[in-house]
Amino acid sequence: MTWLSVLAGAALILFILRDVFHTIWHPTRHGGLSRLVMRGVWRLSAHHGDRWRPVGLAGPVGMMAVVAVWALVVAVGWGLVYWPYMPDAFSYAPGLSPAQHAGPLDALYVSLVTLATLGLGDIAPTSEWLRVLAPMEALVGFVLLSATVAWVLGIYPALARRRALALRLSHLRHNRLTTGALDSAGGAALLDGLASALSTVTVDFLQYAESYYFYDGEENICLAGRLGHAVGLVDRAGRARHPDVRLSASVLRTALDDLATVLDERFLRTGGPPDEVFAAYAADHGRSWDGEGGGP
């Protein structure tokens, strides 16, 4: 029973550390727990529709929920390690009866105090190996705090880049760029800039996948409702006479295809062409898709 509890606790700790690693420092599809929590909060908010006032909190609340789950599971894991050795391997402050403070909740209490680096000292390990293990838990608590800060500092700049691209596309749509203006060296430079921004957003979805689960709010800064205009620009520029414009249009189309591939493989799983993926992306963010500018 002792070793079973210790092994179960160690498995929980390693599972969370692996999830943190694959979510923040080496983003892959293996960050399963964090992705599951974020998706669950997203689906719960989406169920109420995009006009439900708290819907914009889905991303921040999802991140808070992920961090809370990480901390709780790590605390439970270390509690399972401590529990079989209570009370014999622990010292108790005067006034505490060891026999009455040796249950699973007491082990969880010791674990939480250690993880939070509070160091209250009312219940402390006396066994040599537990005295080494407890500071390691405190170190993990510090790692979780540092990882959370790094996560927040990374996601919000990614959101800003995505919204800036959407706003750029909104400006182009509202100014009704003519075919003649597009069929020029300036038009080629414009398309190149959009392709570069799209490539950055694609990388952001790979590096900070959780940013997908943030609502962008206003229509003008919602990329899900503005990709249609980029598709429309590619179609128009592909028929241009200027060779640089046609080349830039080809690059922009490739950038759009890459974005569609990442969105489909990571989040939507439609298995369809880019237009179908972008339509699903727009619908998932409460926007309609017309292939020529999006928007409700």
Side-chain angles (χ1 to χ4, degrees), residues 1-42 59-93 96 98 101-155 207-210 213 266:
M1 179 63 182
T2 296
W3 284 107
L4 183 62
S5 178
V6 171
L7 289 176
L12 287 176
I13 296 167
L14 292 175
F15 173 72
I16 293 300
L17 292 179
R18 177 181 179 274
D19 195 72
V20 172
F21 179 76
H22 283 298
T23 298
I24 300 176
W25 292 305
H26 185 242
T28 66
R29 300 178 193 177
H30 301 297
L33 180 60
S34 59
R35 197 70 53 81
L36 181 65
V37 173
M38 291 291 294
R39 186 181 295 116
V41 174
W42 173 260
V61 169
M63 291 183 68
M64 291 174 58
V66 169
V67 174
V69 169
W70 282 345
L72 180 60
V73 175
V74 166
V76 169
W78 242 284
L80 288 173
V81 174
Y82 296 146
W83 181 29
Y85 300 97
M86 297 180 72
D88 297 336
F90 288 81
S91 63
Y92 291 78
L96 292 179
H101 293 84
L105 290 180
D106 299 286
L108 180 60
Y109 163 76
V110 173
S111 178
L112 287 170
V113 168
T114 306
L115 185 67
T117 66
L118 294 178
L120 299 181
D122 50 346
I123 305 177
T126 55
S127 172
E128 291 184 358
W129 75 277
L130 286 177
R131 290 175 64 188
V132 173
L133 193 64
M136 292 179 62
E137 182 181 8
L139 181 61
V140 169
F142 179 76
V143 169
L144 283 177
L145 176 61
S146 301
T148 300
V149 173
W151 200 22
V152 172
L153 293 178
I155 279 187
Q207 187 72 25
Y208 306 104
E210 292 72 21
Y213 303 107
R266 293 297 181 101

Item to check | Euclidean distance, L115 CG relative to L72 CG, rounded to 0.5 Å | outcome: 10.0 Å
Item to check | CG-OG1 distance between L153 and T148, expressed to the nearest 0.5 angstrom | outcome: 10.5 Å
Item to check | Atom of V37, atom of A65 and distance for their closest heavy-atom approach | outcome: CG1-CB, 3.7 Å
Checklist outcome for this item: Y109 meets the side chain to side chain donor-acceptor pair (under 3.5 Å) criterion, sequence neighbours left out, with D122
Item to check | Any donor-acceptor N/O pair, S5 side chain to V81 backbone, under 3.5 Å | outcome: no
Checklist outcome for this item: On a heavy-atom basis, the closest approach of R39 and R266 is NH2-O, 4.3 Å
Checklist outcome for this item: Between I24 and Q207 the two heavy atoms that sit nearest each other are O-NE2, 4.3 Å
Checklist entry - Which pair of heavy atoms, one from I13 and one from G77, lies closest together, and at what distance? => result CD1-C, 3.9 Å
Item to check | Residue pair T23 / W151, side-chain heavy-atom distance below 4.5 Å | outcome: yes
Item to check | L33 side, atom CG; R18 side, atom CZ - distance, nearest 0.5 Å | outcome: 11.0 Å
Next on the checklist: Could you check whether any side-chain heavy atom of W70 comes within less than 4.5 Å of a side-chain heavy atom of D19, counting everything from C-beta outward?
Outcome noted: yes
Checklist entry - CG/L130 to CD/E137 distance, rounded to the nearest 0.5 angstrom? => result 11.0 Å
Checklist entry - When the ring planes of Y92 and H101 are compared, do they come out parallel, tilted or perpendicular, using 30° and 60° as the limits? => result tilted
Next on the checklist: Closer than 3.5 angstrom, by distance alone: can the side chain of S111 be matched with the main-chain N or O of A107 as a donor-acceptor pair?
Outcome noted: no
Checklist entry - Taking all non-hydrogen atoms of both residues, which atom of A75 and which atom of L112 are closest, and how far apart? => result CB-CD2, 3.4 Å
Next on the checklist: If you define the side chain from C-beta out and look only at heavy atoms, does anything of D106 sit under 4.5 Å from Y82?
Outcome noted: no
Checklist entry - Quick one: CG on L144 to CZ on F142, what's the gap to the nearest 0.5 Å? => result 11.0 Å
Checklist entry - Can you name the nearest heavy-atom pair linking W83 to P104, along with the distance? => result NE1-N, 3.5 Å
Checklist entry - Tell me, do E210 and W42 make a side-chain contact under 4.5 Å, heavy atoms counted? => result no
